[in-house]
> 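Have a look at this one before I ask anything.
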Amino acid sequence: MLTSRPKGTNDILPGQVNKWHYLERIAGEICREYGYSEIRTPVFEHTELFSRGVGDTTDVVEKEMYTFNDKGKRSISLRPEQTACVVRAYVENKLFALPQPVKVYYAGPMFRYANVQAGRYRQFHQFGVEVLGSKDPAVDAEVITMAMDFYHRLGLRGLELHINSVGCNDCRPLHREKLQSYLASRVEGLCKLCQSRFSRNPMRILDCKEEKCLELSKEAPTTTDCLCENCAAHFNKVKQYLDDIGAQYIVDNRLVRGLDYYTNTAFEIMASDIGAQSSIGGGGRYDGLTEEIGGPAAPGIGFALGIERIIAAMERQGLDFPVEGQLDVYIASLGEKAKQEAFKLVYTLRRAGIAAEIDLMGRSLKAQMKFANRFETSFTLIMGEEEIERDIAVVRDMFSGEQQEVPLTGVVEYLLKQLRK
Ligand code: HAM
């Protein structure tokens, strides 16, 4: 073989893609119910969108971006996430002039040059939503509820929803100051990464999973200790909305997400049984992002969920990925004449909107029936020399096992009627 696929990427093979279709179908249903429209933005953007939007000092931008100069010597990056892209599209296309809020969803590949391990890939896929133009805490609660609804509709159990408030530009400097003064005498004991975070981005130290950092920052001031009045009121209101609909959540004062744009509400959803990469989704509010990228002020909030991790969690929990009837009819034929009739019939069936297949491998009749079973077809048509002589086909209902002789001229009508039942 000339070459294999690049590290950290996956082929989604025909046997697997049904799972993706199922998740996409459920995501589409939820988005319709919650009133979100789809948005599609480019897979690559100017690098500065992410360095400004996501943040220069984040791991994602600093270490994980696929960045290159194009032939016009512009610095281009494959999108490591889509929030900044959606916000760019909102500003560039003046969506702020539409009735607000603008509620959009997206699904597609993201690219991060991460250390590859189970659940951590270099090309991975997210389903996400963004709401722009409203600061109402009801939007925070709606977005969080929507993510949880999605998981529950897939049947996932044992999830933990962690929420926190990371404050705003008014109260964050106070937290930064208090945190730095608390950690000043402890810096030496932190891991290398957190030592470098101390002056650049000390809040991220609270999020470190290293034992020594956890221990040293155990009593450190959290963001919620330092919230200004507005931020505290906003957070209380979000919790109240969630309580009102009986949502289960854990207030996690150490939750500070890895992207710089967050303000106020931040949340993450963990699945306990998929190993180290337990975060199956996360999101939060980003009220300063439109301005950061040169647009007018507009608040925003959203989430992104990792499709590969969700599928892994569903597989671990033995959940079904119901496939919508892929193949309606399989035509098994025996002999050259019957094959010729089968070829004509399969063409007519497909034109009538029926998903149909014939044998393309010269299999025996028995092997064809076995093949049809594998597809879980609704009906199998059996056409041998004798049936052709009599201008009929034998139609077998694969569910009940019942067989019926149907004149060839009436097959399409008969099947359409049966399939509609
Ligand atoms: P994020 O936490 O970086 O947030 O990613 C969201 C989800 O994408 C994660 O919870 C995880 O399930 C999945 N994910 C992230 N990195 C990888 C990877 N290397 N391999 C596999 N799955 C991965 C964001 O991306 C924000 N844009 C979310 C957001 C939307 N915030 C506001 N709006």
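The structure presented is a predicted model; accordingly, all values stated were derived computationally and were not measured. We're numbering straight along the sequence, starting at 1. We count ligands from 1, going down the list as the structure has it; atoms in each ligand are counted the same way. Below, all heavy atoms of this structure are taken into account, side chains as well, without hydrogens, waters or symmetry copies.
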> Select one of side chain, backbone, both or neither to describe which atoms of Tyr261 lie under 4.0 Å from any atom of ligand 1, heavy atoms only.
side chain

> Check each atom of ligand 1 against the heavy atoms of Arg120 and keep those under 4.0 Å away; list them by number with element.
19 (N), 20 (N)

> Would you please say whether a donor-acceptor pair under 3.5 Å links the side chains of Thr224 and Ser165?
no

> Which ligand 1 atoms are under 4.0 Å away from a heavy-atom of Thr83?
26 (C), 27 (N), 29 (C), 30 (C), 31 (N), 32 (C), 33 (N)

> Tell me the contacting part of Gln126 for ligand 1: side chain, backbone, both, or neither, using a 4.0 Å heavy-atom threshold, strictly below.
side chain

> Identify whether the distance between the nearest side-chain nitrogen and carboxylate oxygen of Glu142 and Lys103 falls below 4.0 Å.
yes

> Does any N/O atom on Gly283 come nearer than 3.5 Å to any N/O atom on ligand 1?
no

> Between Lys178 and Asp225, does any side-chain N to carboxylate O distance fall below 4.0 Å?
no

> Please determine if Glu29 and Arg32 form a salt bridge, counting it only when a charged side-chain N lies under 4.0 Å from a carboxylate O.
no

> When you compare ligand 1 with Gln82, is there at least one nitrogen or oxygen pair between them that comes in under 3.5 angstrom?
no

> Arg309: heavy atom below 4.0 Å from ligand 1, yes or no?
yes

> Aromatic ring centroids of Tyr261 and Tyr286 under 6.0 Å?
yes

> Below 4.0 angstrom from a heavy atom of Glu81, which ligand 1 atoms are there? Numbered from 1 as shown, please.
25 (O), 26 (C), 27 (N)

> Taking 4.0 angstrom as the limit and counting only heavy atoms of Ile280, give me the atoms of ligand 1 inside it, by number and element.
10 (O), 12 (O)

> Heavy atoms only: which of Tyr121, Phe111, Tyr262 is nearest to atom 20 (N) of ligand 1?
Tyr121

> Nearest heavy atom to atom 4 (O) of ligand 1: which of Arg122, Arg285, Arg257 does it belong to?
Arg257

> For Glu33, is there an ion pair with Arg153 - N to carboxylate O distance below 4.0 angstrom?
yes

> Only one of Lys237, Lys239, His234 passes side chain to side chain donor-acceptor pair (under 3.5 Å) with Asp140; say which it is.
His234

> May I ask you to identify the nearest protein heavy atom to atom 7 (C) of ligand 1, giving residue, atom name and distance to one decimal place in Å?
Ala304 O, 3.6 Å

> Need the ligand 1 atom indices (1-based, order shown) with element for anything under 4.0 Å from a heavy-atom of Gly284.
31 (N), 32 (C)

> Taking distance alone, with N or O pairs closer than 3.5 Å, would you say Arg112 contacts ligand 1?
yes

> Glu130 heavy atoms, cut-off 4.0 Å: which ligand 1 atoms fall inside?
30 (C), 32 (C), 33 (N)

> Output the list of atoms in ligand 1 that are nearer than 4.0 Å to some heavy atom of Gly281, sorted by atom number.
10 (O), 12 (O)

> May I ask you to decide whether Glu45 forms a salt bridge with Arg88, counting only side-chain N to carboxylate O separations under 4.0 Å?
yes

> Distance alone, cut at 3.5 Å: any donor-acceptor contact between the side chains of Tyr22 and Asp320?
no

> Is any NZ, NE, NH1 or NH2 atom of the basic residue among Arg112 and Glu81 found under 4.0 Å from an Asp or Glu carboxylate oxygen of the other?
no

> Looking only at protein heavy atoms, which one is nearest to atom 21 (C) of ligand 1, and how far off is it?
Gly119 O, 3.2 Å

> Does an N or O anywhere in Ser279 fall below 3.5 Å from an N or O of ligand 1?
yes

> Could you tell me if Ser217 and Arg254 have a donor-acceptor pair between their side chains, going purely by distance under 3.5 Å?
yes

